Number of protein chains: 2
Amino acid sequence: MIRRLSQARERGIPEATVARLPLYLRALNGMAERGLATVSSEDLAVAAGVNSAKLRKDLSHLGSYGTRGVGYDVEYLIYQISRELGLTQDWAVAIVGVGNLGRALANYGGFVSRGFRVAALLDADPEVVGDHIAGLNVEHIDELEAVIRRRGVSIVVLATPAVAAQQVADRVVAAGVTSILNFAPVVLSVPEGVDIRKVDLSIELQILAFHEQRKTDRMTGGPTMAEEWPEAVDL
Amino acid sequence: MIRRLSQARERGIPEATVARLPLYLRALNGMAERGLATVSSEDLAVAAGVNSAKLRKDLSHLGSYGTRGVGYDVEYLIYQISRELGLTQDWAVAIVGVGNLGRALANYGGFVSRGFRVAALLDADPEVVGDHIAGLNVEHIDELEAVIRRRGVSIVVLATPAVAAQQVADRVVAAGVTSILNFAPVVLSVPEGVDIRKVDLSIELQILAFHEQRKTDRMTGGPTMAEEWPEAVDL
DNA sequence: GTCCTTTTGTGAACCGGTGCACAAAGTGAG
DNA sequence: CTCACTTTGTGCACCGGTTCACAAAAGGAC
């Protein structure tokens with residue numbers, strides 16, 4: 001096998017492409033289950049909800065894995081995308097904050113099924129520490145550094161209240177973790193080289209509300225005036 | 001109030017800007033609580049985690065609400081952004097699927113605090129129907145259309161298993177809802193004019209894993225040729 | 001009033017990403 | 001073999017969004 005992936009894959013897959021690879025992977029897994037051997041860019045694009053030119057360009061960043069006139073080999077493409085995303089290795093994930101959201105995440109099947117293993121649940125509340133959730137014992141936040149070190153945790157999910165998130169992030173970073181998925185509604189400040197992805201449930205709703213308002217405005221005519229902004233942050 | 005915001009606000013705030021407005025709003029609320037009367041674009045930008053030129057351009061799409069040499073009036077800006085996002089009105093939200101995630105969402109404080117009111121919880125599982133969660137009675141999915149109509153639900157949150165999501169979406173759309181927040185890991189197909197936002201927890205982790213792999217690769221030297229695609233594996 | 005300082009609002013260059021459209025590469029029939 | 005057909009991979013034009021950098025506007029000192 002030749003190394004002809006010179007400029008294409010060697011450096012830098014566009015961020016937008018990376019964000020879509022998991023989508024393709026999911027569609028491909030569905031096809032593999034249904035026994036399809038090959039798939040065209042058109043069919044895969046439809047299944048993933050994107051346009052086929054974009055899909056082809058995305059895949060071309062990984063290398064030239066298709067066959068003209070035929071399409072892509074489903075199994076081979078699954079392997080290539082998985083490898084590119086780093087899903088061929090086992091990732092130990094720790095979830096900090098075992099409130100409603102933390103519990104939901106711990107039980108979420110989508111994690112385990114893709115090379116992610118929830119290796120620890122931590123919380124500050126003595127009431128929660130010791131509970132068994134999703135086959136794991138909830139440990140006290142004091143154990144954070146020890147747990148990260150001993151279990152090789154490389155990704156931390158923050159599901160704490162907003163006020164606690166920054167200090168937990170600081171400790172986690174100090175312990176050597178460089179990838180954080182943050183569900184707390186705060187802007188975390190972390191050193192260069194630490195990746196943070198933020199999921200903010202209320203922001204998504206606010207964006208929907210904006211568009212919904214536009215749609216109804218167009219029919220009725222005008223906005224209203226009232227209400228103010230309460231404040232409450234907790235997960 | 002005059003309608004002289006001709007081209008600036010009259011039509012089309014960039015999507016990227018809309019997605020950041022909730023961020024600014026949150027930062028501003030924090031500042032209002034701390035008693036700040038005005039804020040410069042620089043300070044607000046830092047608090048929201050963006051650069052100040054971008055923030056100024058974003059705000060300029062709403063109108064010219066700042067004062068040169070001074071900054072922005074915190075209260076006034078909060079009002080303007082809230083109004084623009086449609087948060088000055090009350091939105092009735094229904095959550096379909098009361099598993100771990102649905103429960104977490106029902107209890108999520110961030111919704112209620114911003115003009116969103118969880119008006120209904122629905123599930124297909126008779127085991128769950130009748131439960132009381134977050135002060136609400138879980139109703140059977142058969143009631144979906146009636147509940148939407150009677151309670152004026154305009155936004156639906158889908159937290160069902162993947163297999164059920166499309167058929168629930170179809171019913172919800174048929175009932176007149178045009179805004180859906182989808183947590184199920186499937187690509188929904190809906191008619192023109194229906195807005196869908198998707199939150200996919202496992203995709204976020206996969207993106208993190210990609211970057212994490214890059215970081216560790218860089219230190220260890222990257223993948224060897226043998227790891228590219230073992231010849232032993234047949235296609 | 002003039003001058004100096006601060007900070008907004010925006011023109012313009014730049015950049016990453018999208019989508020069209022087509023040549024190149026493959027398959028299969030005859 | 002040639003011809004017809006399929007589907008990939010990509011050059012290129014386009015577009016939304018970001019960033020720079022600065023003129024314009026406001027306030028304060030005098």
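Predicted model, so just to flag it, every value in this text is computed and none were measured. Naming: A, B, ... by sequence-line order, numbering from 1 per chain.
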Please report, rounded to the nearest Å, how far the P atom of dC22(D) is from the CZ atom of R68(B).
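Going from R68(B) (CZ) to dC22(D) (P), I get 16 Å.
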
Within this structure, what is the CG-to-C1' distance between D73(A) and dT8(D), rounded to whole angstrom?
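From D73(A) CG to dT8(D) C1': 15 Å.
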
Shoot me the first and last contacting nucleotide of DNA chain C against chain A, ordered 5' to 3', at under 4.0 angstrom to non-hydrogen atoms.
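Extent of the interface on DNA chain C: dG17(C) to dT27(C).
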
Carboxylate-amine/guanidinium proximity below 4.0 Å for R214(B) and E84(A)
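The answer is yes: the pair qualifies as a salt bridge.
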
At under 4.0 Å between heavy atoms, which parts of nucleotides 12-21 of chain D does protein reach? Answer with one letter per nucleotide, 5' to 3': B base, S sugar-phosphate only, - none.
B----SSBBB

Just do the side chain to side chain contact (heavy atoms under 4.5 Å, CB included) check on L158(A) and L188(A) with the steps written out, would you?
CA-CA 11 Å; L158(A) 286 185; L188(A) 295 180; 3.7 Å; yes

Audit row: I207(B), F210(B), side chain to side chain contact (heavy atoms under 4.5 Å, CB included) steps and yes/no
CA-CA 5 Å; I207(B) 296 172; F210(B) 170 82; 5.6 Å; no

Using OP1 and OP2 only, check whether a side-chain N or O of Y72(B) sits under 4.0 Å from dA26(D).
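Negative; the distance criterion is not met.
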
Think T67(B) has a side-chain N or O under 4.0 angstrom from the OP1 or OP2 of dA26(D)?
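For T67(B), the contact criterion (side-chain N or O under 4.0 Å from OP1 or OP2 of dA26(D)) is not met.
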
Which atom names give the shortest non-hydrogen contact between Y65(A) and R83(A), and what distance separates them?
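Taking Y65(A) first and R83(A) second, the nearest heavy atoms are OH-NH2, 3.9 Å.
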
Tell me the closest heavy-atom pair linking L25(A) and S82(A), and the distance in Å.
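In this case the closest contact between L25(A) and S82(A) is CD1-OG, 3.7 Å.
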
Any side-chain to backbone donor/acceptor pair from E75(B) onto A32(B)? Under 3.5 Å, distance only.
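Checking the backbone N and O of A32(B) against the side chain of E75(B), no donor-acceptor pair under 3.5 Å is found.
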
